[in-house]
Amino acid sequence: MSGGGTETPVGCEAAPGGGGGGGGKKKDSLGFAASPAHLIIRDLGEIHSRLLDHRPVIQGETRYFVKEFEEKRGLREMRVLENLKNMIHETNEHTLPTCRATMQDSLNQVLQRLQAATDTVCRLQQREQERKKIHSDLLIAREKQHVTQWEDFMTEQRSKQAEVDEEHRKAVEKLRAQYAEMERGLARLSAF
């Protein structure tokens, strides 16, 4: 790991006569003479901080990662924004006018075709209405004709019925007269 500090041999005291000059015992930060227990405690603290306390190292690595990430991200975002700007410019300058012109031409053609189709449908609808009116008038005329024929037929039937009834009445009267004559003839014969 990249700690950047001076290392002290683990579990050892500072070498006598090495380091900061003076002779015997070292003094700690509070100015007391360093006893072997203090040195061991201090060494244990350093060992603990180097082995178990990784905050300074992690903070350094984190700063480095964030810096690299922001630089790369910043360049990537700049490229993306530049590409977007170019795409928008291309769209506004070339694609949009082309689409607008094509759409206008197509819409004019569609409107013309729609108008022609509407006119055709109106003509067909008008013809259909005229045909229905003619058909309806024809049906009404036929119905009137049938009613007239029926009335004529019924009048003719009534007159024929009256004639048949009259002939029947006359035949019945003739038969009655004939039977009455025959009864009178029988009555004369039986009186003899």
> Atom CD1 in I41, atom CD in E46: separation rounded to 0.5 Å?
Replying inline: 13.0 Å

>> Do L139 and E143 have side chains that approach each other closer than 4.5 Å (heavy atoms only, starting at C-beta)?
In response: no

>> Would a single hydrophobic cluster contain both M182 and L175, if residues Ile, Leu, Val, Met, Phe, Trp and Tyr are joined by side-chain heavy-atom contacts under 4.5 Å?
In response: yes

> Can you tell me how far NZ of K174 sits from CD of Q178, rounded to the nearest 0.5 angstrom?
Replying inline: 7.5 Å

> Excluding sequence neighbours, so at least two apart, what forms side-chain hydrogen bond (donor to acceptor under 3.5 Å, both in side chains) with R169?
Replying inline: E166, E173

>> Pair E181, R184 - check salt bridge (charged side-chain N to carboxylate O under 4.0 Å, His left out), show working.
In response: CA-CA 5 Å; E181 185 65 34; R184 276 185 265 142; 3.1 Å; yes

> Is M87 reachable from V80 through a run of hydrophobic residues whose side-chain heavy atoms are each under 4.5 Å from the next?
Replying inline: yes

>> Just so I know, are the side chains of N86 and E90 near enough to count as touching, which here means a heavy-atom distance under 4.5 Å?
In response: no

> Is a side-chain N or O of S106 found less than 3.5 angstrom from the main chain of T102, in a donor-acceptor match?
Replying inline: yes

>> Pair D119, Q115 - check side chain to side chain donor-acceptor pair (under 3.5 Å), show working.
In response: CA-CA 6 Å; D119 293 342; Q115 187 62 41; 3.2 Å; yes

>> Holding to side-chain hydrogen bond (donor to acceptor under 3.5 Å, both in side chains), I want the full list of residues that pass it with K144, two or more places apart in sequence or in another chain.
In response: none

> Under a 4.0 Å N-O cut-off, is there an ion pair linking E128 with R131?
Replying inline: yes

> What is the distance from atom CG of L138 to atom NZ of K133, rounded to the nearest 0.5 Å?
Replying inline: 12.0 Å

>> Before you tell me yes or no, could you show the steps for L39 and R42 under side-chain contact (heavy atoms from CB on, under 4.5 Å), namely the whole-Å CA-CA distance, both residues' side-chain angles and the distance that decides it to 0.1 Å?
In response: CA-CA 5 Å; L39 290 176; R42 189 184 71 196; 3.6 Å; yes

> What is the distance from atom CZ of F153 to atom CD of Q157, rounded to the nearest 0.5 Å?
Replying inline: 4.0 Å

>> Nearest 0.5 angstrom please: H38 NE2 to I40 CD1, how far?
In response: 11.5 Å

> Partners of Q149 by side-chain hydrogen bond (donor to acceptor under 3.5 Å, both in side chains), sequence neighbours excluded?
Replying inline: none

> Is the count of non-hydrogen atoms from other residues, nucleotides or ligands lying under 6.0 Å from H135 atom NE2 greater than 12?
Replying inline: no

> Going from CG on L84 to OG1 on T91, what distance comes out if it is rounded to the nearest 0.5 angstrom?
Replying inline: 10.0 Å

